[in-house]
Amino acid sequence: MQFDVGAIILFLMPPYVANAVPVIFGGKIPIDFGINAWDGKRLLGDGKTWRGLFVGIVGGVLVGYAEAALTGNSVFAFLALLTSCGAMLGDILGSFIKRRLNYERGRPSLFMDQLLFIIMALILGYPILAQVMPGVLALESIGVILVVTYVMHRVMNIIANRLGLKKVPW
Ligand code: CTP
Ligand code: MG
């Protein structure tokens, strides 16, 4: 069995941090600069800012550096760059889809909020994961990743809400 908890944690930490940091350090200027799409709704909405994108990627890469230092394998820094960019891409894609579905900013969507970011992290990280941690790509690992990510995302957002960082607990 390919199941390797350590490898899964090493994979998950950078995109988790990339996804969480913008909630604390997000900025004001929206990535879509306030423009509307063809349907008259915002392209992405005010919840996706340039500063959030930037601090998310930097935060995730810093975790990757820590992992590289801890394991003595610099590939984790590069993997973190890919998976952090993937997480932010998935987050942006989720908002894009939510706006097209007429969801106002902040309205929860199981797939778009909780899972798309980690799916995109898996996709962008795939070339490196296949090389250095193929066990993470095993079907049972991906199942665990999706379940754990859903639970973690719910718990972290409830905490962020209690701390006053987020208006809504999702
Ligand atoms: N955030 C940011 N920049 C990003 C991503 C997130 O500034 N690229 C900040 C915003 O303050 C945002 C918060 O993190 O409100 C929470 O992110 P998220 O839940 O993804 O955004 P929502 O406000 O819920 O908007 P959406 O409905 O588009 O998901
Ligand atoms: Mg949200």
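Start at 1 and go down the list; that is how both ligands and their atoms are numbered.
- A single hydrophobic cluster is not seen to contain both Val151 and Val168; linkage of ILVMFWY side chains at heavy-atom distances under 4.5 Å, directly or through other members, places them apart.
- Summary of contacts: the protein heavy atom closest to atom 10 (C) of ligand 1 is Gly47 O, 3.3 Å.
- At a threshold of 4.5 Å between non-hydrogen side-chain atoms, the residues Val148 and Tyr16 count as touching.
- Between Asp113 and the options Arg154, Arg105, Lys98, a salt bridge (charged side-chain N to carboxylate O under 4.0 Å, His left out) holds for only Lys98.
- The closest protein non-hydrogen atom to atom 7 (O) of ligand 1 is Thr49 OG1, 2.7 Å.
- Closest to atom 19 (O) of ligand 1 among all protein heavy atoms lies Lys166 NZ, 3.1 Å.
- Distances below 4.0 Å separate heavy atoms of Arg99 from the following atoms of ligand 1: 26 (P), 27 (O), 28 (O).
- Those atoms of ligand 1 that come under 4.0 Å of a heavy atom in Leu53, given as number and element, are 8 (N).
- Ranking protein heavy atoms by distance to atom 9 (C) of ligand 1, first place goes to Pro22 O, 3.4 Å.
- Ligand 1 places these atoms under 4.0 Å from at least one heavy atom of Val23: 14 (O), 16 (C).
- Under the 4.5 Å side-chain heavy-atom criterion for grouping Ile, Leu, Val, Met, Phe, Trp and Tyr, Leu110 is connected to Leu146 within one hydrophobic cluster.
- No donor-acceptor pair under 3.5 Å is formed between the side chain of Asn157 and the backbone N or O of Pro169.
- If you number the atoms of ligand 1 from 1 as listed, the ones under 4.0 Å from a heavy atom of Arg105 come out as 10 (C), 11 (O), 12 (C), 15 (O), 23 (O), 25 (O), 27 (O).
- The closest side-chain donor-acceptor pair between Lys48 and Ser95 falls under 3.5 angstrom.
- Of the protein's non-hydrogen atoms, Gly106 CA, 3.3 Å is the one closest to atom 24 (O) of ligand 1.
- Atom 29 (O) of ligand 1 has its closest protein heavy atom at Lys98 NZ, 3.0 Å.
- Residue Asp91 places at least one N or O, backbone or side chain, under 3.5 Å from an N or O of ligand 1.
- The shortest non-hydrogen separation linking Gly125 to Leu79 is O-CD1, 3.9 Å.
- Of the protein's heavy atoms, Lys48 NZ, 2.8 Å lies nearest to atom 20 (O) of ligand 1.
- In the hydrophobic cluster analysis, where Ile, Leu, Val, Met, Phe, Trp and Tyr join through side-chain heavy atoms closer than 4.5 angstrom, Leu70 is grouped apart from Phe76.
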